[in-house]
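Computed over heavy atoms, backbone and side chain alike; hydrogens, waters and symmetry mates excluded.
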Amino acid sequence: MKNILFFLCILSCVSISPSCHAETNGYKIFGEVTTVDNQTVKGYITWGNRQMYWTDIFHADKLNNPYAHYFKNSGVQFINNTMQSSTPPTHVFICRFGNIKSIRQNTYNRVELQVKDGNIIDLTKGKHLDIGVSLNVYSPSEGNTNIHWEKISKIEFMEADQPDNRLHDVPITGIVKTSQGIYKGIITWNNDKRTQNALLDGMTSGGKNSVPFHSIRQITKGNNACKVVLKEGQELEMWGSNDVNNQNRGILVSMPNIGTVYIPWKNFEMFEAVGLNEVRMLSYNDFTAPKRLSGSVKMKNGQTQQGILVFDLDEAMNFEILDGSNDNISYAIPFKYVKSIEPKNYKYSFITLTNNGALSLGDKEDVDARNSGLLIFSPNETPVYVPWKEVGQITFQN
């Protein structure tokens, strides 16, 4: 699709400044954990043995929809788990770890999450894995401390004030070429390999082989195998492992100033490594206090409403995430990077980004006919409800 290619060209050509935080590892999650024994452990946090960077995404279910009371006895019908309901659905809460100020446990499956403006959101685990996991906290002076979830009282996030010289936590960074275009950022390979010391496994003509990602320059997909080019120039044909064949679970690319893209193996074509200083890594202080969504909504009848917006009767802040897919590739884009949304039909919406990139997204409630619509709050007026089917275009004020 032409618009998809335009979006991806923007991604591949954008100039990215070297990060001033790369040398200090300020891009890693850092904080202080208070335990039920009233002990505190401060350092670099690995969340559930997987998430370790501020741009990683936290998922949980919201306990309720705070805007439901506007529709009591209104007669408006919503789609809730494929069923018609007079109550707006309760959605998933999604944000990047850099947007979180603290997390406090209420029960094993429920937490109070505080964002950087001080607001507290009550969340429950649902089907997600980010509540209930163990944390590993690394301090240069104390080493590694593993803390089980039931022992945690509170986690407070903050800018790193200690150096971290561990090489094994340096992320894989590179360019991924796909059937739709090019993405550049932090790479998760095969759903679980994230760091330079992670091993790419497979069979070669010499038998089983495992190659660390810090030695790899390029990976090109072949017929149920891959050609791997090492930085020293050696070329390997690798097969027989889900790292390099059609059983691969996909590739995640986190683009710090745009969002996250999940690429199924069928869409993957080539990976090329780039230096950490070629990706604009974000520190905790780069995540500023959130703002309310605001802007204008042009209806299909030509009328326009302006004010504070609640999108899909759910997302109200600019750090929350717009979800959608195209050709099996899934996107998660913070609203602060979204310029406008134009519904095109029952399945797709056309999205314009603040960097002037553009793409069509569908197959998710945020961007298709299942969207619950918008509330528009104008000063000193009763909020206006606009059903999704009446929306012509939403333009955000960033």
Side-chain angles (χ1 to χ4, degrees), residues 62-80 84-95 99 115-121 259 288-324 331-354 358 360-362 364-398:
K62 295 180 178 178
L63 285 176
N64 52 58
N65 189 318
Y67 303 98
H69 67 278
Y70 287 104
F71 299 92
K72 188 176 182 180
N73 303 320
S74 68
V76 178
Q77 293 291 302
F78 303 96
I79 300 174
N80 196 340
Q84 292 286 325
S85 172
S86 59
T87 302
T90 298
H91 293 275
V92 176
F93 175 81
I94 308 173
C95 77
N99 297 119
V115 295
K116 281 193 166 181
D117 65 352
N119 282 326
I120 293 175
I121 304 169
T288 55
K291 297 179 180 179
R292 290 293 302 267
L293 292 179
S294 64
S296 63
V297 180
K298 182 177 181 181
M299 271 78 84
K300 290 180 179 177
N301 63 9
Q303 295 182 352
T304 299
Q305 295 277 350
Q306 295 184 335
I308 301 297
L309 306 179
V310 179
F311 182 85
D312 194 19
L313 300 186
D314 172 53
E315 290 96 355
M317 307 299 292
N318 68 347
F319 67 84
E320 296 187 82
I321 303 292
L322 179 74
D323 284 317
Y331 300 78
I333 305 172
F335 275 91
K336 69 176 295 182
Y337 303 128
V338 178
K339 184 177 182 180
S340 66
I341 301 172
E342 182 182 2
K344 304 303 292 186
N345 62 14
Y346 71 97
K347 186 175 182 179
Y348 283 99
S349 294
F350 187 77
I351 314 299
T352 303
L353 303 181
T354 54
S360 292
L361 292 180
K364 297 288 181 68
E365 289 87 346
D366 277 349
V367 288
D368 67 17
R370 294 170 292 175
N371 188 298
S372 296
L374 295 94
L375 275 177
I376 306 170
F377 292 82
S378 298
N380 303 318
E381 293 183 12
T382 302
V384 174
Y385 172 62
V386 182
W388 186 250
K389 64 181 179 180
E390 297 178 10
V391 174
Q393 181 171 307
I394 306 160
T395 303
F396 295 99
Q397 179 181 347
N398 291 297

Practice prompt. Please state whether the rings of Tyr67 and Phe377 are parallel, tilted or perpendicular, taking 30° and 60° as the class boundaries.
Written response: tilted
Given the options Val391, Leu313, Val384, Leu374 meets side-chain contact (heavy atoms from CB on, under 4.5 Å) only with Val391
- Can you check whether Tyr346's main-chain N or O pairs, donor with acceptor, with Asp368's side chain at less than 3.5 Å? no
Test side-chain contact (heavy atoms from CB on, under 4.5 Å) applied to Ser372 and Asp312, step by step | CA-CA 5 Å; Ser372 296; Asp312 194 19; 3.5 Å; yes
Note: Val367 and Gly324 closest approach over all heavy atoms is CG2-CA, 4.1 Å
**Report entry** Arg370 backbone acceptor or donor facing Trp388 side chain under 3.5 Å
**Finding:** no
What one should report as the nearest heavy-atom pair of Ser349 and Pro343 is OG-CA, 3.5 Å
- With a 4.5 Å heavy-atom cut-off, do Leu309 and Phe396 have their side chains touching? yes
(message) With a 6.0 Å cut-off (strictly less than), is the heavy-atom count around NZ of Lys339, excluding the residue itself, greater than 12?
(response) no
Practice problem: Please tell me if the side chains of Met317 and Arg292 come closer than 4.5 Å, counting only heavy atoms from C-beta onward. | Solution: yes
**Report entry** Verdict with supporting geometry, Leu293 and Glu320, side-chain contact (heavy atoms from CB on, under 4.5 Å)
**Finding:** CA-CA 10 Å; Leu293 292 179; Glu320 296 187 82; over 6 Å; no
To the nearest 0.5 Å, atom NZ of Lys344 lies from atom CD1 of Ile351 at 11.0 Å
* Ionic contact status for Lys364 with Asp366, cut-off 4.0 Å -> no
Residues Tyr348 and Gly362: closest non-hydrogen pair is CD2-N, 3.6 Å
Between Ala316 and Val310 the two heavy atoms that sit nearest each other are CB-CG2, 4.4 Å
In short, side-chain hydrogen bond (donor to acceptor under 3.5 Å, both in side chains) pairs touching residues 294-306 with sequence neighbours left out are none
| query | Quick one: are Ile341 and Phe311 in side-chain contact, heavy atoms under 4.5 Å? | reply | yes
When every non-hydrogen atom of Phe335 is compared with those of Leu322, the smallest separation belongs to CE1-N, 3.7 Å
In short, Ile376 meets Gly307 closest at the heavy-atom pair CG2-N, 4.0 Å
One should read off an interatomic distance between Ile94 CD1 and Asp323 CG, to the nearest 0.5 angstrom, of 4.5 Å
Note, Thr395 side chain near Ser340 side chain (heavy atom, < 4.5 Å)
yes
TODO: Decide if atom CD of Glu342 counts as having more than 12 heavy atoms of other residues, nucleotides or ligands within a radius under 6.0 Å.
DONE: yes
